[in-house]
Structures are given as structure tokens and as C-alpha cells.
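The structure under discussion appears below in the form of C-alpha cells.
Each chain gets a letter, A, B and so on, in the order its sequence line appears, and its residues count up from 1.
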Amino acid sequence: MTHKNLKLLNPSQREAVTCKDVPLLIVAGAGSGKTRVLTHRIAYLVESGVKPYNILALTFTNKAAGEMRSRVVSLVPGISYTSFWLGTFHGICLRILKAESKLLGSFKNFIIYDGTDQIALIKECVKNLNLDEKKYKAGIVCEKISRAKDDCIDPEEYLDMADNFYQQIVAKIYKKYQERLREIGALDFGDLITYAISLFKKHPDVLEKYRNKFQHVLVDEYQDTNHAQYIFLKLLTAGKKNITVVGDPDQSIFGWRGANISNIMNFEKDFPNVKTIKLEENYRSTQAILSSANNIIKNNRERKEKALWTKNTQGDMPIYCNNEDDIEEAESVAGQIEEFLSQGGTHKDIAVFYRIHSLSRVIEDALRRRNIPYVIVGGVRFYDRKEVKDILAYLRVISNPNDVISLKRIINLPARGIGDVSLKKIEDYLDSRDISLFDALSELNNINISIKTKEKISAFVSFIRKHQCFDGSLAKMLKKLIKDLDYFNYLKRQDLPGTEERIENVKELISAIAEYEENSEFPSLAEFLEQVALISDIDNWDNKSNAVTLMTLHSAKGLEFPVCFIIGMEEDILPHKKLSTGESDIEEERRLCYVGMTRAQERLYCSSAKRRRIYGRWQDMETSRFVGEMGVELLAHCEISG
DNA sequence: GGGCCCTCGTCCTTA
DNA sequence: ACGAGGGCCC
């Protein structure tokens, strides 16, 4: 019941939940019950008569969406699990694009290209335009194109804005890249948002439909939205009073990915008659932890002033430990974890955060030596593992033979005698014709390659066609594919380190597709591939498993743990090196540190090393400026001996 | 065309 | 330290 639910909220939270008919900005400090407010607000809306299907809620990760969904369902008895639109920006935009796909011309089955695919395709474009690959590095160009998309800049606009030769060339690559994506029928992450925007702009009737549908739009983590997402929201809500955004400028940590902190800073100017509510009571951390976190963040200039406080107990002072080297640091962390466990603590209560993935290795070694179970979030994502990507590439080609990037990945894997030379000949032939690579593989008459090779290519084409025709469950199809490829023996023949693990990963992929099939109403290979592309590192993390969690500070956003470690508190690591040039970047690094500290409920350990192995070489490190900013009087130092 | 060896850049964070 | 990619030989 509404009344009962509202009683569990503090006055500001209650106001944020019940406030009506104004654009609403909720500035929610770390641990102030942001998710609680959002879920209660959705529940409150439904209970006051809003139909669930008239609600759109946007989150940052699938995990956050899933948690929010189940919390709303438990708050509103009888609400259907799927009746309201709740998901990530990318997921929701894909859903809209699929619903309106008849307006999108060539797109039928969507393929979503991830970072690796993007770089491979850009590399192809650079080659195709006869540009110097050393000068126009695919990774860097990809970065530029992705940022342009985040800012809603298309290739023509990019060219107009280019003020040097390099940028003009990037504009040319960008244009080519978009053409190629379209031919393939693929979208990259940025396209999901920008295509939804141009769909709305080109078809006002469609926009109107969604504007009417979404009577209430709620956005989580608003501080991390980019310009394109802002435009998307503006289109859906302009002139209406139905938008609620929740965020904390102090936790804006995705500037490098195109997030625009001014979205939240300027929200009050952007939307007329905004109501702003600050949530400043922290329910998560002890006073000692909160004080040192506040001490750090107050050094930032670009922020919305707020005073985070707590009724929680004072608690233990955060501990800072400076170690001789990274190995000693890892030993010290593992030792303190062991100590905590021996006092009756549980593994899942502990997290270790770091600025960069590479710091996890020494910690892993130390934990393994002590037989302390741990899980790593991210690093090499499951779906980024070579063996998993290989099999996924097969599935993608089976689903859409126009996917050249995947096709080229697998055409000679396992080796079947179709090498670079033949492929080059076919591609040259393609240049003058308007057909896809896969089509060309099916009709080789006019291409000058040996009969033997042609036979091998035909065999490959029939192999793909055969699996396209498979009827039966997806899991069965995948099992047959792996068997027909003799993929496990291929892995064994390769004899690379970790063969057993690779085989396990492929088996895991079979489980994943089987699980998808069980949970989906109308399972299809194309939809499975879409879902896989939008899975994030954190989505796969099981917070109930009995293990210590290791993750980056970025992944830690939105989570909480009784005991937290932040390692590698050194200049050039936190704050990270390339970012130490400009003051505003330092501010983002400081926010990152703040995010890490405010994850801790009871105990916070920070540490650094005087020496660290980087690129296999020892390097002297200097303690991070952030340690000093925490306030010495708020910090317990621990001196380590052997 | 396949496989071996050497060189080079990289290890910043991600939907 | 280590994997990706180029050069070279079979």
C-alpha cells in the first residue's frame, strides 16, 4: 500500500517520490537511497493511476535495470514484470528501432558491433581509402568517431567542423565507415542512440506516438548521460513536465566516453520550472568514511554544493598503507582480508578496487596463495574471449552473411586453405561490384583463383548454408556447429595456455544460449546476438557468490560493500597519467576516487606502492595527491613490516 | 597457404 | 610481459 511504502522514506525522499507535474531533478549523494527513491516513485505513479506501460525508466547497466525491475515488482503487488519499459539507453533505443524497423530501410536483423568490430571495420575503411594505416590508427579514429556520435555529429557536420587536415580525413573515414555499417546491416553503440534520434526527427508521427506513450520518463545516473542521450530525452519530453532525472555530479566518471556533466549541471536551465530535491542523508557509510570522502571531493570546483551527512556511527578511521612494492601491497591487502575472514567476515562483503585492470594480477596471486576465493568483474569480458568470439562470429555469419568482419574472422578458422591471397583477389573483384563478400564467395566464376581453392570456398559456403537451415533449438544448433567444426580439437591442436579453460568457455556459451532460449518468448539467433552485444561486465557479476570481488573503480559505481580496498593510490595511476594535464580531468579522477571511497560501509583501506612493475620494468611511484586530501587527522596509517 | 620467430606497441576507464 | 602482426621459410 502506498501509505505504508511512503512511511519508509525520509522527508526529502518522500517529496522526491510524490512530487508531481514538474520536471524533477534529484541530486542524490552517494548512499542516499537513490534507487529506493526511483523504485518508490515508479510504484507511487502506478498506484496513483498511471498505467505501467506509460512509464519509461532508463538506467546505466542491465544489472541496475534488473534490480530496479524486481524492486518495483515487489512494491506493487500484481504489476506485470514486463509491463513497463525499463532498461539501458542502448537497450531501449534498440527496442524502439526494432519496433519501427520498417522505416529504417535496409535494417532487418540488427547486428551490434562492439569496440573490436568497430576497429576492424575502420581499419578496412582506412585501407579501402588508400590511407596510411600508421598515420590514421584505427583505434584513435574509432575514438574520434565514437565521440562524434556521442555529440550527435554526423560525417557531414564533422567535415564542416574540421579545422585541420587530419580531421578532414577522419571525416572521410567516418563517412565511409557509416556506409559500410549500413551495407552490413550493423549498428555500433553510438548508432543505437543517434538512429533513434534521427528516426524521431524524420518521422514526427512516430515521435508523437512515443511522446504519448511515455507519460513519465525517469533517468538514473543522469550525470553520466552524453549529448545524444540528452537530445533523445529532450525529444521525448520537450514541452512536457514528465521527466525525472536522478544523479550526482560528484559521481560523474564517464567524461572520456562522451558523458557530459553539463547535462546535470544545466538541467535547471534546460527545463522550465524545475523542482530540485537534494538527498543528503547517507545511509551507507560510517561517519569516518564519509568525512574523508567529503574531504577529497571538496577540492573539486565543478560541482553542485551539497552536504552529505549520516546518522551512522563514527566507525573506524580509514586506513592508508604505503608499501615498498606492488607485491608487498598485494600481500598486505590479502593479509588484511584473511584477518577479516578469520574474525567471521564473509567473502562477499569484501571488494578490492583499482584504477586499471592490470593491477588485479598481483592481488589475484596473493589471494590464490592464501586460497581465498575471488571473482573479477571485467578485464577480458567473457564475450570478448578469443574462443567465445570465434564461435559468436560463426553465429553472426549464420545469422547475417553480410557481416564481413565476422566472416573474415572465421573464413579460415580452423585453417581450411582459404588464405589472405585468395581473399584479397575476391575483395578486389568486389570493389567494382555491388555485392557482399559472402555473395561473391558463392559465385567465383570470374575470379582468378585455383580450382582447389574454389572447392574449399564452396565447401565453406555450404557449411554456413547448412547451419542456416538447421531447425531445432538454438542450443542444439550451436552444439552441432561446434561438433562439425571439430572446434575443441582445434583448440587442443593450437596447444595454447589454458586450453581446458577455453573449452569450458565454449561450453559456457552453449549454456548461455540454452538459458536465453528458456527465458525468451520468441527466441531467435539474431535476438540472442543482440543481447550478448549489450551485456556489460557488471551484468554478469553475481553478488551472492562466496568470493572476494575485484573490479575497477568505474565498475564499482552504484555498488556497496562493508569492506573496501582501493589499491594503487599513486600519481599516474590514480590520478591516471594522461589525465594529469588538465584540471577538469583531475577532477574526474578525483570523483573516481570519491566513488570508490563511498562504496565502503564499514571499513576502508587505501594503499600504494613505492615501486611497481609496469610493462615488465620496475618504476618508482609517488603517493597520490588524493591521500593527502583525505586529511591526515582522518586517516590511520599502517606501517608494514616484512 | 601454413607455421614459426621476431618486433613492436601497449597497460585507462566501457555500453 | 605479452599478445598481435609482419617477415621468412617450408
Can you check ring-ring contact (aromatic ring centres under 6.0 Å, His included) on A:F254 and A:F60, steps first, answer last? CA-CA 11 Å; A:F254 285 98; A:F60 203 69; 5.0 Å; yes
ring-ring contact (aromatic ring centres under 6.0 Å, His included) evaluation trace for A:H576 with A:W256: CA-CA 12 Å; A:H576 193 262; A:W256 54 272; over 10 Å; no
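Note on A:S358: every side-chain N or O is 4.0 Å or more away from OP1 and OP2 of B:dC11. Residue A:H357 places at least one side-chain N or O under 4.0 Å from the OP1 or OP2 atom of B:dT13. Between A:H576 and B:dC12, a side-chain N or O to OP1/OP2 separation shorter than 4.0 Å is present. The phosphate of C:dG5 has OP1 or OP2 within less than 4.0 Å of a side-chain N or O from A:K123. Dashed line: the shortest gap from a side-chain N or O of A:T552 to OP1 or OP2 of B:dT14 is under 4.0 Å. Contact between the side-chain N/O atoms of A:N226 and the OP1/OP2 oxygens of B:dA15 is not found at any separation under 4.0 Å.
To the nearest angstrom, P of C:dC2 lies 19 Å from NZ of A:K386. Atom CE in A:M551 sits about 17 Å away from atom C1' in B:dC12, given to the nearest Å.
For A:H90, taking side-chain heavy atoms from C-beta onward, the closest of the listed nucleotides B:dC11, C:dC2, B:dA15 is B:dA15. Closest approach to the A:R257 side chain among B:dT10, C:dA1, B:dT14 is made by B:dT14 (side chain taken as heavy atoms from C-beta onward).
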Could you go through residues 130-138 of chain A and list every donor-acceptor pair under 3.5 Å that involves a side-chain atom there, pairing it with any protein atom two or more places apart or in another chain?
residue: A:D132; atom: OD1; partner: A:K134; partner atom: N; Å: 2.9

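Remark: A:A415, A:R416, A:G417, A:G419, A:D420, A:V421, A:S422 in residues 414-428 of chain A come within less than 4.0 Å of DNA chain B through at least one heavy atom. DNA chain C lies under 4.0 Å from at least one heavy atom of each of the following residues of residues 612-619 of chain A: A:Y615, A:G616.
Applying the side chain to side chain contact (heavy atoms under 4.5 Å, CB included) test to A:A533 and every residue at least two apart in sequence or in another chain returns A:I112. Legend: residues meeting ring pair (Phe, Tyr, Trp, His ring centres under 6.0 Å) with A:Y374, ordered by chain and number and at least two apart, are absent. Every residue two or more places apart in sequence or in another chain that forms a salt bridge (Lys or Arg N to Asp or Glu O under 4.0 Å) with A:R612 is listed here: A:E329, A:E570.
Nearest heavy atoms, A:F626 versus A:C593: CD1-CB, 3.9 Å.
For the pair A:W256 and B:dT13, the ring geometry qualifies as stacking, because the centroid separation is below 5.5 Å while the planes lie within an angle under 30°.
In this structure, A:R502 fails the cation-pi test against A:Y487, since its NZ or CZ atom is not both closer than 6.0 Å to the six-membered ring centre and inside 45 degrees of the ring normal.
Residue A:N412 is in sugar-phosphate contact alone, with no base atom involved, counting any heavy-atom pair closer than 4.0 Å across all strands shown.
With a 4.5 Å cut-off on side-chain heavy atoms, A:Y222 and A:L233 count as touching.
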